[in-house]
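These figures come from a predicted structure and were not determined experimentally.
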Amino acid sequence: MNRWHLREWKIVGLYALLYFFCVGLGVLVGTLFDRAGNMFYAPAFAALFGGTVYMFLQSKVQKFGAISFLGIMMGCFFFTAGHFFISFLPGLLFGLVADFIAKAGNYKSRKLSFLSFIVFSFVNSGPIIMMWLARSTYIASLVARGRSSDYIERVMVPANAQTISWFVLTILLGAVLGALIGQFVVQAHLSKKLR
């Protein structure tokens with residue numbers, strides 16, 4: 001097993017911070033598409049903007065744990081931002097699965113890196129997924145935080161096949177574009193370094 005060095009942890013921390021910035025940008029742009037306040041489009045835009053950061057992280061730290069750590073950090077963010085504990089689980093689950101996929105290609109396979117990012121892009125879906133899987137608990141947590149019934153009705157995303165399919169499709173589209181852009185930028189950066 002490869003030991004982690006302090007320099008690698010610093011790199012992971014830097015890219016986690018950059019990815020967090022991309023998620024914030026995704027939330028900001030997502031609100032332009034949906035004014036309900038439920039951040040429905042935020043995961044798709046976070047994937048679009050975060051693909052380059054993810055691909056650079058994967059190329060710089062080719063060890064199991066970097067991607068998982070990033071997913072766990074996003075899960076922790078949702079939990080500390082006021083979402084109930086279960087919203088942490090997609091960050092953990094999708095982060096680990098994405099790490100295993102990338103590891104299967106030794107963090108060098110373009111196809112597996114691409115697939116890894118597609119899976120990873122769902123780490124930001126925790127709050128929306130929890131609206132569907134634990135609706136009454138989610139509403140209770142909003143009530144406990146003093147949210148009005150009008151606010152709750154506005155932000156709750158309906159759990160029907162059309163809405164769920166659209167949510168998944170937007171994330172996939174954002175992730176595919178983000179991965180393509182990310183791989184292109186990383187490849188251009190590496191080619192420039194070799195000259």
Side-chain angles (χ1 to χ4, degrees), residues 15-16 18-59 66-75 77-78 83 86-105 107-135 138 155-187:
Y15 281 99
L18 290 172
Y19 188 80
F20 183 77
F21 175 76
C22 292
V23 171
L25 186 59
V27 169
L28 181 65
V29 174
T31 58
L32 300 174
F33 283 82
D34 183 12
R35 302 220 178 243
N38 56 25
M39 296 183 282
F40 185 82
Y41 291 102
F45 284 108
L48 176 63
F49 299 133
T52 301
V53 173
Y54 184 90
M55 294 303 172
F56 267 112
L57 170 64
Q58 196 171 242
S59 71
I67 295 169
S68 300
F69 178 78
L70 187 56
I72 290 168
M73 291 307 298
M74 291 313 303
F77 166 72
F78 291 124
H83 299 282
I86 301 172
S87 64
F88 168 81
L89 294 179
L92 174 66
L93 175 67
F94 291 116
L96 280 170
V97 172
D99 215 346
F100 277 114
I101 291 169
K103 185 179 189 304
Y107 302 95
K108 293 178 181 10
S109 166
R110 285 179 61 89
K111 288 180 183 177
L112 289 177
S113 292
F114 191 90
L115 179 60
S116 172
F117 182 65
I118 301 295
V119 171
F120 183 83
S121 295
F122 286 87
V123 301
N124 299 311
S125 62
I128 303 294
I129 290 174
M130 293 309 112
M131 285 186 191
W132 297 328
L133 297 180
R135 190 171 184 84
Y138 198 95
V155 299
M156 291 303 291
V157 177
N160 57 51
Q162 181 180 356
T163 304
I164 294 169
S165 299
W166 181 245
F167 181 67
V168 170
L169 184 63
T170 60
I171 294 175
L172 290 174
L173 181 60
V176 165
L177 291 173
L180 288 172
I181 293 167
Q183 287 188 335
F184 175 80
V185 171
V186 169
Q187 190 61 45

Report summary line: d(L93 CG, I72 CD1) to nearest 0.5 Å is 11.0 Å
Report task. To the nearest 0.5 Å, tell me how far Q58 CD sits from K108 NZ. Result -> 10.5 Å
Query - Flag, side chain of S165 to backbone of Q162, donor-acceptor distance under 3.5 Å - result: no
Requested in this report: Locate the shortest heavy-atom distance separating M55 from S113; write the atom from each residue and the value.
Outcome: CE-O, 3.6 Å
**Report entry** Non-hydrogen atoms of P90 and G126 that approach each other most closely
**Finding:** CG-CA, 3.6 Å
Query raised in the report: Ignoring hydrogens and geometry, is there a side-chain-to-backbone donor-acceptor pair from Q183 to R110 under 3.5 Å?
Result: yes
Requested in this report: Hey, could you give me the NZ/CD1 distance between K103 and I67, rounded to the nearest 0.5 Å?
Outcome: 11.5 Å
Query - Side-chain donor/acceptor of T163 to backbone N/O of A159, under 3.5 Å - result: no
Requested in this report: For residues V119 and A98, report the shortest heavy-atom separation together with the two atoms involved.
Outcome: CG1-N, 4.0 Å
Query raised in the report: Which atom names give the shortest non-hydrogen contact between A102 and S116, and what distance separates them?
Result: CB-OG, 3.7 Å
Query raised in the report: Does Y54 have its ring centroid less than 6.0 Å away from the ring centroid of Y19?
Result: no
Requested in this report: Locate the shortest heavy-atom distance separating V53 from C22; write the atom from each residue and the value.
Outcome: CG2-SG, 3.7 Å
Query raised in the report: Would you call the rings of F167 and W132 parallel, tilted or perpendicular if under 30° counts as parallel and over 60° as perpendicular?
Result: perpendicular
Report task. Among F100, F122, F120, F117, find the one that has a ring pair (Phe, Tyr, Trp, His ring centres under 6.0 Å) with F94. Result -> F122
Query raised in the report: Is there side-chain contact between W166 and L169, with at least one heavy-atom pair below 4.5 Å?
Result: yes
**Report entry** Heavy-atom side-chain proximity of N124 to M74 below 4.5 angstrom
**Finding:** yes
**Report entry** Side-chain heavy atoms of L48 within contact of F45, under 4.5 Å
**Finding:** yes
Query - Spacing of CG belonging to L172 relative to CG belonging to L177, to within rounding of 0.5 Å - result: 11.0 Å
Requested in this report: Please round to the nearest 0.5 Å and tell me the distance separating atom CG of D99 and atom OH of Y107.
Outcome: 3.5 Å
**Report entry** Option from I164, I171, V157 for which side chain to side chain contact (heavy atoms under 4.5 Å, CB included) with I128 holds
**Finding:** V157
Query raised in the report: Are any non-hydrogen side-chain atoms of Y41 and T31 less than 4.5 angstrom apart?
Result: no
Query raised in the report: How far does CG of L173 sit from OG1 of T170, to the nearest 0.5 angstrom?
Result: 8.0 Å
Requested in this report: State, yes or no, whether a side-chain contact exists between V29 and F49 at a heavy-atom distance under 4.5 Å.
Outcome: yes
